[in-house]
There are 2 protein chains.
Amino acid sequence: MVYESRHDVFQAISDPSRRSLLNLLVGKEMSITGITECFPINRTAVNKHLHILSNAGLVKSQKVGRETRYTLKPEPLIELQNWLSFFEQYWDKKLLALKKFIEEDND
Amino acid sequence: MVYESRHDVFQAISDPSRRSLLNLLVGKEMSITGITECFPINRTAVNKHLHILSNAGLVKSQKVGRETRYTLKPEPLIELQNWLSFFEQYWDKKLLALKKFIEEDND
DNA sequence: AATTAATGACACCAAAAGGTGTTATTTGAA
DNA sequence: TTCAAATAACACCTTTTGGTGTCATTAATT
């Protein structure tokens, strides 16, 4: 394999092009050339992004004839959600405090 | 300013050292040297990470005497949560399907 | 069988990332 | 008023990133 690496989900979604790729593949199965037509970068670049997403488990590829079709696999994003949930309480605390303040202000 | 840039939240949290920094600053206010003692990298490197986090709005600095103290500002993570919520339905769909399958299996 | 479409696999490049160490400056303490 | 602590500001280095173009290979098509 060529584009092998240890990309995790955090690194995978850090690039805006890759986030767009994920959005594009929602509910659809698309070939590499099909995907490339939706972006301002060339096929090789798109392919690299797809491999990075694939390494992170965010997309899966399937060969259909001479095409390689990609589909979204959002499950690894759960790790991101778990990471977020730890911090959630902190901004929730603030929002709750704000809410409380507003409510008290209405008395 | 030196470490100026247009780092967004996605890019800011893509680095494991920076994620550790956020965890370290939860509920605490720490000086740069204090923070550096908790990491295997030197002060200059820590400072760069802090500036990147600061540019993303994830930390705030405050000068106290000759120290620069940093605190966590988790609010920008809301953007990440919003981004995630779009994809949430897709893995939820699968989990719900699995749940349904298990429940039907119990009949 | 010959041609074309869709990729895979490279080589190559400029810029950004993540580190290092050094020097200058500001501030608290002795 | 010296001296040491804390950090800002650089210069510098290596690896990774995100992109390009080219050539080879494999599968449809005519």
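Lettering of chains follows the sequences in order, A, B, ..., and the numbering in each one begins at 1.
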Requested in this report: Mind listing the closest non-hydrogen atom pair of A/V9 and A/E79 along with its distance?
Outcome: CG2-OE1, 3.8 Å
Report task. Using whole Å, report how far CD1 of B/I32 lies from P of C/dT27. Result -> 15 Å
Report task. In whole angstrom, give the distance that lies between atom CZ of B/F10 and atom C1' of D/dT17. Result -> 19 Å
Query raised in the report: A/I41 or A/V64: which one's nearest nucleotide on DNA chain D is closer to the 5' end?
Result: A/I41
Requested in this report: Choose from C/dG18, C/dT20, C/dA6 the nucleotide whose nearest atom is closest to any side-chain atom of A/E67.
Outcome: C/dA6
Requested in this report: Nearest 0.5 Å please: distance from the CZ atom of A/R43 over to the NZ atom of A/K48.
Outcome: 11.5 Å
Query raised in the report: B/D8 has an atom CG; how far is it from atom C1' of C/dA16, in whole Å?
Result: 14 Å
**Report entry** Non-hydrogen side-chain atoms of B/K63 and B/T68 separated by less than 4.5 Å
**Finding:** yes
Query - Flag side-chain contact, heavy atom, 4.5 Å: B/V59 against B/L22 - result: yes
Query - Nearest-neighbour nucleotide for the B/K48 side chain, C/dA11, C/dT20, C/dG8 considered - result: C/dT20
**Report entry** Salt-bridge criterion met for B/R19 and A/D8 (N-O under 4.0 Å)
**Finding:** yes
Query - Phosphate OP1/OP2 of D/dA8: any B/H51 side-chain N/O under 4.0 Å - result: no
Query raised in the report: Which whole-number value in Å describes the distance from A/M30 CE to C/dA6 P?
Result: 13 Å
Requested in this report: Quick one: pull up CG in B/L21 and CD1 in B/I35 and give me the separation to the nearest 0.5 Å.
Outcome: 6.5 Å
Just the atom pairs and distances: protein N or O near nucleotides 21-26 of chain C's N or O, under 3.5 Å.
unit_1, atom_1, unit_2, atom_2, d
C/dG21, O6, B/T44, OG1, 3.1

Requested in this report: Work out how much the helix from C/dA1-D/dT30 to C/dA30-D/dT1 bends between its end axes, five pairs an end, to the nearest 10 degrees.
Outcome: 20°
Requested in this report: Measure the shortest side-chain to side-chain distance between A/F10 and B/R18 over non-hydrogen atoms and say whether it is less than 4.5 angstrom.
Outcome: no
**Report entry** Integer-rounded Å distance: D/dC10 P and B/N47 CG
**Finding:** 13 Å
**Report entry** Distance in angstrom units between A/I52 CD1 and D/dG19 P, rounded
**Finding:** 9 Å
Requested in this report: Report the distance from atom CG of B/L50 to atom P of D/dA9, rounded to the nearest whole Å.
Outcome: 14 Å
Requested in this report: Nearest 0.5 Å please: distance from the NZ atom of A/K60 over to the OG1 atom of A/T71.
Outcome: 9.0 Å
Requested in this report: Return the nearest nucleotide to the side chain of A/T68; candidates are C/dG8, C/dG19, D/dT20.
Outcome: C/dG8
Query raised in the report: Given side chains that start at C-beta, do those of A/Y70 and A/L53 come closer than 4.5 Å, heavy atoms only?
Result: no
Query raised in the report: Can you tell me how far CE of A/M30 sits from CD of A/E37, rounded to the nearest 0.5 angstrom?
Result: 7.5 Å
Requested in this report: Mind running a 4.0 Å heavy-atom check of residues 17-26 of chain B against DNA chain C and sending the residues that fall below it, in number order?
Outcome: B/S17, B/R18
Query raised in the report: Of the non-hydrogen atoms in B/L80 and A/W83, which two are nearest, and what is the gap between them?
Result: CD2-CZ3, 4.1 Å
**Report entry** Beyond-backbone contact of A/I13 with A/L77, side-chain heavy atoms, under 4.5 angstrom
**Finding:** yes
Query raised in the report: Can you check the A/Q11 CD to D/dG18 C1' distance for me, whole Å?
Result: 11 Å
